[in-house]
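Down below is the structure, laid out as structure tokens.
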Amino acid sequence: MTSLSKLRSLAPFLSKTYDLVEESRDSNDVVSWNEEGSGFVVWSPEEFSRFVLPRYFKHCNFSSFIRQLNTYGFKKASPDRWEFRHEKFQKGKRCLLSDITRRRCKPSVFPSFLRAREKKSSAAEINENEMLEQNKMLQKENEELRSQIAYYGELETSLQKLLSQYVCSR
Amino acid sequence: MTSLSKLRSLAPFLSKTYDLVEESRDSNDVVSWNEEGSGFVVWSPEEFSRFVLPRYFKHCNFSSFIRQLNTYGFKKASPDRWEFRHEKFQKGKRCLLSDITRRRCKPSVFPSFLRAREKKSSAAEINENEMLEQNKMLQKENEELRSQIAYYGELETSLQKLLSQYVCSR
Amino acid sequence: MTSLSKLRSLAPFLSKTYDLVEESRDSNDVVSWNEEGSGFVVWSPEEFSRFVLPRYFKHCNFSSFIRQLNTYGFKKASPDRWEFRHEKFQKGKRCLLSDITRRRCKPSVFPSFLRAREKKSSAAEINENEMLEQNKMLQKENEELRSQIAYYGELETSLQKLLSQYVCSR
DNA sequence: AACGTTCTAGAATATTCGTAA
DNA sequence: ATTACGAATATTCTAGAACGT
């Protein structure tokens, strides 16, 4: 776990957002942790946009801030207030931040990419020491992981169909 | 859907850059058109970065400005001064700007490691110990990934049960 | 390998950069070690380019200096200031500099057979490079896999909601 | 060959805008 | 109206490539 967090560099947005919430912990009235420390609440979007955002980012738009939150998997927690949550964004647990991943493109194109893969056999001629052996194994493992995820990609498709039917038929 | 070039909206960067050069036409000494009007010269990168850039963009970095110029196909015209040219960026011919196209980044389906697999590019020279460390961490990462996928495997099983019940009960 | 690193002659760029930081330690606030001595900060790129660079190199371009830093594996440490770090570039430990290696250019395909004859003793080094390359790719692949799995994690969340609704509404 | 300087491009994150669910 | 997402542009950091020494 700790080794994982070393490989992945923490996105500036995450550390800044954490700082931003932490800093306002006492002065409270603009942004703060929620009651359980499982998320944060922007109490005054106007003041937040005008005074807090520009100190951390290159803009003053609340909507841009929200777009970033969504990009990193945060969800709006309540229709009644600007509260956002992420499983790995918790009061007092800054170390969890490195488990938050930025979302990329949809994996729906995944299978095509799998088909496109071809092996390059160049390294076969070279003498193999332990590390080369390890790398080969890692590559195979990754291949396996990819195919499994591709499977879930298809699963997702069929699930979406089923669920949409369900929603429509209510 | 009449004319493509008219439909194509002018990139903010281009109009801003044009404005920026035009505006400084008289006050001159920071940035101006070149002698023939076929390009522009930044005479003082320091003042340009500090005073001009922030009035048009969200940063003060000369390098970021240059990156944008290259993205839109501008070329540095002389090794001796910061002069940039583009065939469609000319003094008094603002209408030509709409012919300048942004260079598209490669469609990122699964780009990075696919392309990396094909080329034998230069690698950082790290000592064997570090490499061993990296391999260890990679192995741990794979373990982690495997367990996560296993979790979704179980998830899928229970989902299948639930969904089959649903389908059968309709 | 340790004996090799001692034989390896220190690149001029590295010793010059070290000198440059050391020299400015007391004098002024243009460039200095960071707080922990684990890197250095260029406080004023303008003055640095104009006054410091030409005393050590043949140019006055901050970007060229940065290009060299990257060539030798330095990383920018903070988005907020021009701080660069390298594991082997530390205050008071000049001897570590010899462990810093320049990243090699990609050997062109053409003269490869020419270089092949002089390869007898450096075969291990080639293997090392290829392995490093593979490690890089593996890291990227893992990153991709992580984000994919994150996607399915979110998928699961929404599915759970839907399904719980379904169960409750029956 | 190895290193240095310059110019351009790759790749990742950030910001904006529109729109689908 | 609300919420989240796709996609285009913008900004940042690093690397490729060409050329000269």
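The basis for the numbers below is simple: all heavy atoms, side chains too, and nothing from hydrogens, waters or symmetry mates. Lettering follows sequence order; numbering is per chain, from 1.
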Item checked: Name of the residue among B:L96, B:D99, B:V21 meeting side chain to side chain contact (heavy atoms under 4.5 Å, CB included) with B:F89 -> B:V21

Rounded to the Å, how far apart are [X] [atom1] and [N] [atom2]?
| X | N | atom1 | atom2 | value |
| --- | --- | --- | --- | --- |
| A:F84 | E:dT2 | CZ | C1' | 11 Å |
| A:L10 | E:dC13 | CG | C1' | 17 Å |
| C:F62 | D:dT5 | CZ | C1' | 16 Å |
| A:H86 | E:dA4 | NE2 | C1' | 14 Å |
| B:R103 | E:dA8 | CZ | C1' | 18 Å |
| B:L20 | E:dA10 | CG | P | 14 Å |
| B:R85 | D:dC7 | CZ | P | 14 Å |

Checklist line | Check: B:S78 main-chain N/O paired with B:K76 side-chain donor or acceptor under 3.5 Å | finding: yes

Next item on the list: Return the residues of residues 44-60 of chain A meeting this criterion: a heavy atom under 4.0 Å from some atom of DNA chain E. Order them by number, or give none.
Entry: A:K58

Checklist line | Of residues 64-81 of chain C, the positions that come close to DNA chain D - non-hydrogen atoms, cut-off under 4.0 Å | finding: C:S64, C:R67, C:Q68, C:Y72

Just so I know, are the side chains of [X] and [Y] near enough to count as touching, which here means a heavy-atom distance under 4.5 Å?
| X | Y | value |
| --- | --- | --- |
| A:K88 | A:L14 | no |
| B:F57 | B:L20 | yes |
| B:S15 | B:R94 | yes |

Next item on the list: Would you give the length of the straight line joining atom OG1 of B:T17 to atom CG of B:L69, rounded to the nearest 0.5 angstrom?
Entry: 6.0 Å

Checklist line | CD (A:E87) with more than 12 external heavy atoms under 6.0 Å | finding: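 Not more than 12 within 6.0 Å, no.
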
Next item on the list: Apply the ring-ring contact (aromatic ring centres under 6.0 Å, His included) test between C:F48 and each candidate in C:W43, C:F65, C:W82; give the one that qualifies.
Entry: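 Testing each of C:W43, C:F65, C:W82 against C:F48, the sole residue satisfying ring-ring contact (aromatic ring centres under 6.0 Å, His included) is C:F65.
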
Check: Would you say E:dA10 has OP1 or OP2 under 4.0 Å from some side-chain N or O of B:R102?
Finding: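 For E:dA10, OP1/OP2 do have a side-chain N/O of B:R102 under 4.0 Å.
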
Note to self: Under 4.0 Å from OP1 or OP2 of D:dT5: is there any side-chain N or O of C:N61 that close?
What the structure shows: no

Check: B:F51: what forms a side-chain contact (heavy atoms from CB on, under 4.5 Å) with it, not counting sequence neighbours?
Finding: B:E47

